[in-house]
Amino acid sequence: METWAPRSTARSSTGPGGTPPAGHAPSSIVTVTTEPVRVRFAPSPTGALHIGGARTALYNWLLARGSGGAFVLRIEDTDRERSTPENVEQILDALRWLELDWDEGPFSQAERAERHREQIERLLWEGDAYEHEGAVRLRVPDEGETVVTDVIRGTVTFPHSAIDDFVIRRSDGSPLYNLAVAVDDLDMGITHVVRGEDHLSNTPRQAMILRALGADPPVYAHLPLLHGTDGKKLSKRHGAASVQELRAAGYLPEAVRNYIALLGWGLDASTTFMTTDDLVKSFSLERVSKSPAVFDEQKLRWMNGRYLRELTPAELAARLESLLGREGLVGAAEVAQEKMQTLADFWPLAGFLVERQPPQEKAWERVMKNGALERLGAVRAALAEVEPFQEEQVEEALRAVVEEFGVKPKDVFQPLRVAITGGTISPGIFESVTALGRDEVLARIDSALERG
RNA sequence: GGGGGCGUGGUCUAGGGGUUAGGACGCCGGCCUUUCACGCCGGAGAUCGGGGGUUCGAAUCCCCCCGCCCCUACCA
């Protein structure tokens, strides 16, 4: 099925964090690639882009980039009732955030209605379609069958007896989905139609229209659908299911790409982490699985954490700053990095480094007892003397207090933690103290002693 | 009802005649240890949807059944 063409050029993404948005110029040479394909992502703007749509877009994009072909964006907005400009903008936003840049479009299918009507006229004229009660229907033979060749599913046969003459133009003159899709795919020179399996049953209809128009159907590939953890169709009740929700929940686009790429596709038995470049190079429709997958946010969290830890503190800070709308987070980001799984984890974990947090009653009650305040007083005295106020010296001083009292380390560290963070959970105490700075630490200890 | 697709631990998957059915997330236990994580080590968890065949041997091939999903709209 694949034709290997040596020495052709292909555009390539620049990998995690570096893929520029739409319209980027740099290209790189890859030595082996498939024949260039023209693919399209054709969402219907009836809501936010959810993870299933994002995966469809990603697979199409990977195919285009991996072959040096083109990724066409087409908005299927022929349902004027449900399609809104806001939804269109949301989808474009989501694609931009995912860094899936398109080469052509976005085209509005509704704006191509003239062209669709033209082709309907032709079908009418040639007798492949007929008018009935104002609507136009395509003539489907009673006998025979239409065979769809699908890269993922093999040969699928649809008996004509099970397909009625279907409407391609409403009585108000507006073209319908199956007609518009077939005409657009043809006009746009689409070579591979890669979409959700929910469209498999529509495929013979589109193929029939194409044939009636004198064209050969493109190569089809129907992807397995995505479900929620309860096995039902993905929806709001399954947590962060839309791309914007994923973004707001603090996931990294490169992690999301890696994760969703693996929902229905895998390179081999064990490869899990793949840069976007790796994906571009190795993605193939032949290895896409046939069965539906369930979106598991827990696994995404884990994977996102791994990506987060590979960022430099400066990169991490930049992402946090744009998500939280704050500045100067590098120090705090560095301290919190090893314990975060999403960007949203940052504030609960390290917000105390940015501004004082209200003390948590339960933490206070549990820790500030049995001489804790006395030890905290000793900690204050020790920290006041530390010179220079750096991690190594801070640790030395605090361990000396532990020695002095002959207690377990946590008997000294936990009261200090509660005093400076307000709670019992935080990054390492030495890093935290150092990052906060002497003046602020002493001030917080004083407040704690006062309160105590 | 008709047509189509899919079915490997809770989840993502590898494997497609002979494997102790492999890996990952999650879960449990341990180590590390200043909390929580990370990391490392170990463990539980799958009669490969069910039943028949074919075969010395089937998750893998054949047949039947069941379940779920999609299409069957003047939605996309």
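Chain letters run A, B, ... following the sequence lines, proteins first and then strands; every chain starts at 1. None of these values were measured; they are calculated from a predicted model.
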From CA spacing to verdict: side-chain hydrogen bond (donor to acceptor under 3.5 Å, both in side chains), D165(A), Y130(A): CA-CA 9 Å; D165(A) 290 358; Y130(A) 62 92; 2.7 Å; yes
Touch class at under 4.0 angstrom, heavy-atom based, for I429(A) against every strand present: base
Under-3.5 Å donor-acceptor pair between K339(A) side chain and C36(B) base: yes
Closest to side chain of P159(A), choosing from C70(B), G4(B), C25(B): G4(B)
Donor-acceptor pair (no angle test) under 3.5 Å: S426(A) side chain, C36(B) base: no
Whole-angstrom distance between C61(B) and C68(B), as gauged at atom P: 25 Å
Complementary nucleotide of G26(B), counting Watson-Crick and G-U pairs under 3.5 Å: none
Interatomic distance at C1', C48(B) relative to G3(B), whole Å: 29 Å
Residue V294(A), side-chain heavy atoms: nucleotide from G4(B), U35(B), U11(B) that is nearest: U11(B)
Spacing of the C1' atoms in C36(B) and U47(B) (rounded, Å): 41 Å
Derivation and outcome, ring-ring contact (aromatic ring centres under 6.0 Å, His included), residues F413(A) and F430(A): CA-CA 9 Å; F413(A) 300 160; F430(A) 313 126; 5.4 Å; yes
Selection from U35(B), C6(B), A76(B) that lies nearest to any side-chain heavy atom of P292(A): C6(B)
Validation row: E297(A), Y251(A) side chains within 4.5 angstrom (heavy atoms): yes
Protein-nucleotide distance (R399(A), atom CZ; U33(B), atom P), rounded to Å: 9 Å
Sugar-phosphate, base or nothing in reach of R287(A), heavy atoms under 4.0 Å: sugar-phosphate
Side-chain N or O of R205(A) closer than 4.0 Å to phosphate OP1/OP2 of G3(B): no
Check: V88(A) and D77(A) side chains under 4.5 Å, non-hydrogen atoms: no
Sugar-phosphate only, base, or nothing, as touched by T78(A) at under 4.0 Å among non-hydrogen atoms: sugar-phosphate
Nucleotide paired to G7(B) in any strand shown, Watson-Crick or G-U, under 3.5 Å: C66(B)
Between P of C70(B) and CG of N178(A), the distance in whole Å: 17 Å
Whole-Å gap separating P (C71(B)) and CE (M208(A)): 17 Å
Sugar-phosphate, base or nothing in reach of A269(A), heavy atoms under 4.0 Å: base
From C75(B), C25(B), U13(B), nucleotide with atom closest to S289(A) side chain: U13(B)
Sugar-phosphate, base or nothing in reach of S201(A), heavy atoms under 4.0 Å: base
Heavy atoms from other residues, nucleotides or ligands near CD of E355(A) exceed 12 (cutoff 6.0 Å): yes
Gap between atoms CG and C1', on L223(A) and U13(B) respectively (whole Å): 16 Å
C1' spacing across the pair A58(B) / G18(B), given as an integer number of angstrom: 10 Å
Touch class at under 4.0 angstrom, heavy-atom based, for G428(A) against every strand present: base
G2(B) and C64(B), which share atom name P, separated by this distance in whole Å: 15 Å
Distance-only side-chain donor-acceptor flag, T78(A) / H116(A), under 3.5 Å: no
Nucleotide nearest P409(A) (side chain, heavy atoms from C-beta), chosen from A76(B), G26(B), U34(B): U34(B)
Span that lies between the C1' atom of U8(B) and that of A59(B), in whole angstrom: 7 Å
Nucleotide nearest K299(A) (side chain, heavy atoms from C-beta), chosen from U34(B), A24(B), U72(B): A24(B)
Sugar-phosphate, base or nothing in reach of R153(A), heavy atoms under 4.0 Å: sugar-phosphate
W265(A) (side chain) donor-acceptor with S284(A) (main chain) under 3.5 angstrom: yes
Touch class at under 4.0 angstrom, heavy-atom based, for H222(A) against every strand present: nothing
Sugar-phosphate only, base, or nothing, as touched by R301(A) at under 4.0 Å among non-hydrogen atoms: nothing
Nearest-angstrom distance, P atom, U11(B) to C71(B): 24 Å
Inter-nucleotide P distance (U60(B), G50(B)), Å rounded: 10 Å
Base of G7(B) paired with side chain of S291(A) (donor-acceptor, under 3.5 Å): no
Nucleotide C6(B), atom C1' - distance to CG of D198(A) in whole Å: 14 Å
Check: N202(A) side chain, A76(B) base, donor-acceptor under 3.5 Å: yes
Touch class at under 4.0 angstrom, heavy-atom based, for R306(A) against every strand present: sugar-phosphate
Touch class at under 4.0 angstrom, heavy-atom based, for P427(A) against every strand present: base
Sugar-phosphate, base or nothing in reach of R169(A), heavy atoms under 4.0 Å: nothing
Nearest listed nucleotide, side chain of V156(A), among A76(B), G3(B), G4(B): G4(B)
Any R309(A) side-chain N or O less than 4.0 Å from OP1/OP2 of A37(B): no
Touch class at under 4.0 angstrom, heavy-atom based, for F430(A) against every strand present: base
Sugar-phosphate, base or nothing in reach of T271(A), heavy atoms under 4.0 Å: nothing
Between U33(B) (P) and R417(A) (CZ): distance, integer Å: 15 Å
Check: R40(A) and R195(A) side chains under 4.5 Å, non-hydrogen atoms: yes
d(OH, Y177(A); P, C71(B)) in whole Å: 10 Å
Whole-Å distance separating the CD atom of Q206(A) from the P atom of U72(B): 11 Å
Test item: H222(A) and I152(A) side chains (from C-beta on) under 4.5 Å apart, heavy atoms: no
